[in-house]
Every structure is written in structure tokens, then in C-alpha cells.
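This chain uses plain numbering: 1 for the first residue, then up along the sequence.
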Amino acid sequence: MSKRVLALLAAFGASVIYGINHTVAKDVMPTHIQPFGFIMLRVSGAALLFWLISFLGPREKIQSKDWPRLLLCAVFGMVINMLMFFKGLSLSTPINSSVIATITPIFVFILSAIMIRERITAIRTIGILLGFAGALGLIFFSEKTQQNAPNVTLGNILFIINAISYGIYLIIVRPLTTKYHAFTLMKWLFTVGVVVNIPFTITEFTAVKWTSLPWDAIWRMTYVVVGTTFSTYLLNIFALKQLKASTIGAFVYVQPLVGILFATMVGADTLTFLKILSAATVFTGVYLVTRVKKPVT
């Protein structure tokens with residue numbers, strides 16, 4: 001099996017794990033842990049796991065000139081991205097988070113156009129507008145509150161910030177993925193992420209009653225740390241070694257399909273006409289932005 005196929009499978013697997021995460025993580029907040037406290041658990045747990053497996057990779061040192069980029073990657077990929085997503089998830093619904101997450105490749109493209117002068121065409125412009133229209137439809141026309149979703153509008157806005165932050169991370173981390181082994185990169189990214197997250201998360205983290213957590217909360221927290229964080233970041237880093245950031249971003253299509261299916265199956269959320277229309281609009285927009293024009297033969 002070629003490295004490209006393995007990279008595509010890795011990106012697909014990461015998206016499936018993310019899709020299920022929308023419901024799994026939602027159901028544990030805020031009863032057992034607050035969103036920011038969850039992020040401290042997430043980044044510290046992942047950092048520990050990456051340090052434990054780091055001996056399996058080569059011994060590498062991060063060069064001095066690469067530390068500023070690594071710090072920025074940690075801020076956008078392990079701090080802003082995660083804090084906004086989990087806070088948004090505690091306020092909104094799993095289906096909303098699944099749909100809005102799909103606009104990440106649109107932001108990847110916009111940022112690529114700004115940072116590396118990627119060409120903006122009329123079709124891609126239409127795609128960008130459609131993607132934003134679908135996301136804004138969810139923000140402004142969704143019910144303001146739902147069961148276990150106290151502020152849907154604010155939560156959806158935080159999902160937008162999450163998508164922008166993750167798009168920036170995908171672009172700026174790629175040069176590091178071609179230079180360092182995945183284990184080296186991840187252990188330092190998450191270690192920096194722990195340090196930067198402490199001021200924002202430590203209060204909620206220490207408020208958790210760890211000794212009295214029920215099994216339902218424990219397995220969900222474990223899924224988020226081992227699955228959604230450790231496994232998916234490792235899979236995406238592996239995929240980024242072979243694929244473009246825009247290609248990785250396109251796999252976000254899988255997230256809402258898995259997320260919506262899982263959320264409705266377990267009764268965590270319900271489909272409405274607005275959600276279906278918004279999802280269709282976003283999908284169309286992302287397709288137009290990420291499609292590759294075939295060369296004329």
C-alpha cells in the first residue's frame with residue numbers, strides 16, 4: 001500500500017473519530033467537567049502519551065529558529081482551537097458543531113491565498129460565499145436555546161473561531177512536519193499547549209471531583225484524550241507528510257456525516273430543515289473551494 005493511500009486512510013480515520021467526538025464530549029459537559037477544564041485534561045493527557053511513545057522515534061532537538069513557529073502552532077492548534085470548540089460545544093449542539101466544522105477548508109484556502117498567494121477563482125469565491133451562508137444560517141436562525149444547549153448562537157460563533165484557528169494551524173505546521181518526526185513534534189506541541197493553557201483552564205480542572213466520577217464520564221474523557229486528541233493529531237501529522245493542508249481539510253466532510261448520524265442514533269440531537277439546508281449549503285461551498293480542476297488534455 002502506497003504512502004499516499006495510507007495518508008488518505010489516516011485523514012479519513014481522524015475525521016471519523018472527530019465526528020463521534022461531537023456527541024461523546026458534549027454528554028460529559030458540564031455535569032462532570034467544564035469545557036476549559038476538559039481542555040487541560042485533553043492536552044496534558046495527550047502530552048503524557050506522546051512523551052511515553054517518543055522513545056520509539058528518533059532523538060531530535062527542535063532547532064532554535066523553529067521554536068517561534070512551534071509556539072504559534074501550539075497556540076492555534078492546542079489552545080485557541082480547542083478552547084473555542086469545547087466551550088462552543090457546551091453551549092450549542094453536536095449537529096451544529098459538526099456542520100460548522102466543515103468550513104475549515106474554506107478558511108484554509110483563504111489563508112493560503114493570503115499567505116502563499118494561492119489563486120482565487122470565481123468558482124472558489126462562490127464556494128466561499130456559500131460556505132459562509134450555511135454557517136451564518138445556523139448562527140442567526142437556529143433556536144437560541146435547546147435542551148443542554150443554553151446559548152446556541154454564541155456556541156456557533158465559537159465554532160467559527162475554532163475553524164479559523166484550526167485552519168491556521170494546518171497551514172503553519174506543515175513545514176515542521178516535513179522536518180521533524182511526528183512523535184517529536186507532537187510531544188513538544190502538546191507540552192507547550194499545556195503551559196499556555198494553564199491560566200485559562202486550571203480553575204475548572206481543579207474543580208473536577210475526580211474520585212467520584214462515574215464510568216460513563218470516565219470512558220468519554222478517555223475517548224477524548226486517547227482518541228480525539230492523541231490518535232487524531234498523530235494521524236493528521238502522518239497525513240500532512242504526504243498530503244497538502246487543503247487536502248486534509250477536505251476530509252472535514254466526513255465529520256458532519258458521522259457526527260449527524262451518531263448524534264441522531266443516540267438521541268443526542270435532532271435534524272431540522274434548517275440544519276439540513278445549512279449542511280447542504282456548506283457542503284456545496286466546501287466542494288467548490290476544494291475541488292481540483294482537471295488539466296486539459
Side-chain angles (χ1 to χ4, degrees), residues 18-43 79-104 132-166 197 199-210 212-214 216-221 223-225 228-229 255-256 258-279 281-282:
Y18 273 130
I20 295 173
N21 176 70
H22 293 279
T23 296
V24 171
K26 170 72 175 178
D27 286 348
V28 80
M29 297 183 294
T31 305
H32 301 294
I33 189 169
Q34 294 289 334
F36 284 8
F38 212 155
I39 296 307
M40 176 51 67
L41 173 65
R42 187 179 179 185
V43 293
V79 182
I80 299 175
N81 163 44
M82 292 188 182
L83 291 175
M84 294 301 99
F85 176 77
F86 270 59
K87 185 64 176 180
L89 190 58
S90 71
L91 298 173
S92 188
T93 70
I95 288 181
N96 283 349
S97 66
S98 299
V99 172
I100 295 177
T102 60
I103 66 173
T104 294
F132 282 133
L136 292 175
L138 282 177
I139 290 174
F140 293 113
F141 299 110
S142 291
E143 297 177 32
K144 301 305 178 184
T145 60
Q146 297 179 34
Q147 184 178 1
N148 201 25
N151 194 333
V152 175
T153 299
L154 178 57
N156 290 347
I157 291 173
L158 295 180
F159 291 146
I160 295 284
I161 299 173
N162 154 252
I164 295 173
S165 182
Y166 190 61
N197 269 303
F200 310 103
T201 63
I202 193 64
T203 300
E204 292 185 3
F205 182 76
T206 54
V208 178
K209 298 178 180 178
W210 298 103
S212 59
L213 286 174
D216 183 67
I218 293 173
W219 82 258
R220 290 175 188 277
M221 291 178 180
Y223 180 91
V224 171
V225 173
T228 309
T229 313
Q255 283 192 48
V258 175
I260 291 171
L261 180 62
F262 189 77
T264 52
M265 282 177 59
V266 301
D269 203 351
T270 56
L271 273 176
T272 63
F273 177 74
L274 174 64
K275 291 175 182 178
I276 294 172
L277 180 61
S278 296
T281 305
V282 169

CG-CD1 distance between N156 and I161, expressed to the nearest 0.5 angstrom: 11.5 Å
Looking at T203, is its backbone amide N or carbonyl O close enough to the side chain of T206 to form a donor-acceptor pair, meaning the two atoms are under 3.5 Å apart? yes
Atom pair CG/NZ of L154 and K87 - distance to nearest 0.5 Å: 8.0 Å
Kindly write out the residues that satisfy ring pair (Phe, Tyr, Trp, His ring centres under 6.0 Å) with Y223, not counting sequence neighbours, or none if the list is empty. none
Using 0.5 Å steps for rounding, measure from the CG atom of L158 to the OG1 atom of T153. 11.0 Å
Testing the basics here: between F200 and F36, what is the closest heavy-atom pair and its distance to 0.1 Å? O-CD2, 3.3 Å
So, K26 side chain and L89 main chain: donor-acceptor pair closer than 3.5 Å or not? yes
When every non-hydrogen atom of R220 is compared with those of F38, the smallest separation belongs to O-CZ, 4.5 Å
What are the two closest heavy atoms between I218 and L213, and how far apart are they? CD1-O, 3.7 Å
Over all atoms of both residues, closest heavy-atom pair of Q34 and P30: NE2-CB, 3.5 Å
So, for P35 and S90, which heavy atoms are closest and what is the spacing to 0.1 Å? CG-OG, 3.7 Å
Residues passing the side chain to side chain donor-acceptor pair (under 3.5 Å) test with T229, sequence neighbours excluded, are R42
Run the ring pair (Phe, Tyr, Trp, His ring centres under 6.0 Å) test against Y18 and tell me which residues pass, sequence neighbours left out. none
Test log, rule side-chain contact (heavy atoms from CB on, under 4.5 Å), inputs L41 and V224: CA-CA 9 Å; L41 173 65; V224 171; over 6 Å; no
Is the shortest heavy-atom distance from the side chain of F86 to the side chain of I33 under 4.5 Å? no
According to side chain to side chain donor-acceptor pair (under 3.5 Å), who are the partners of S97, at least two apart in sequence or on a separate chain? H22
Just jot down the side chain to side chain donor-acceptor pair (under 3.5 Å) partners of W219, sequence neighbours excluded, or say none. D216
What distance separates I39 CD1 from E204 CD, expressed to the nearest 0.5 Å? 10.0 Å
Classify the angle between the aromatic ring planes of F159 and F85 as parallel (below 30°), tilted (30 to 60°) or perpendicular (above 60°). tilted
Residues in side chain to side chain donor-acceptor pair (under 3.5 Å) contact with N197, at least two apart in sequence or another chain: none
On a heavy-atom basis, the closest approach of G155 and L91 is CA-CB, 3.9 Å
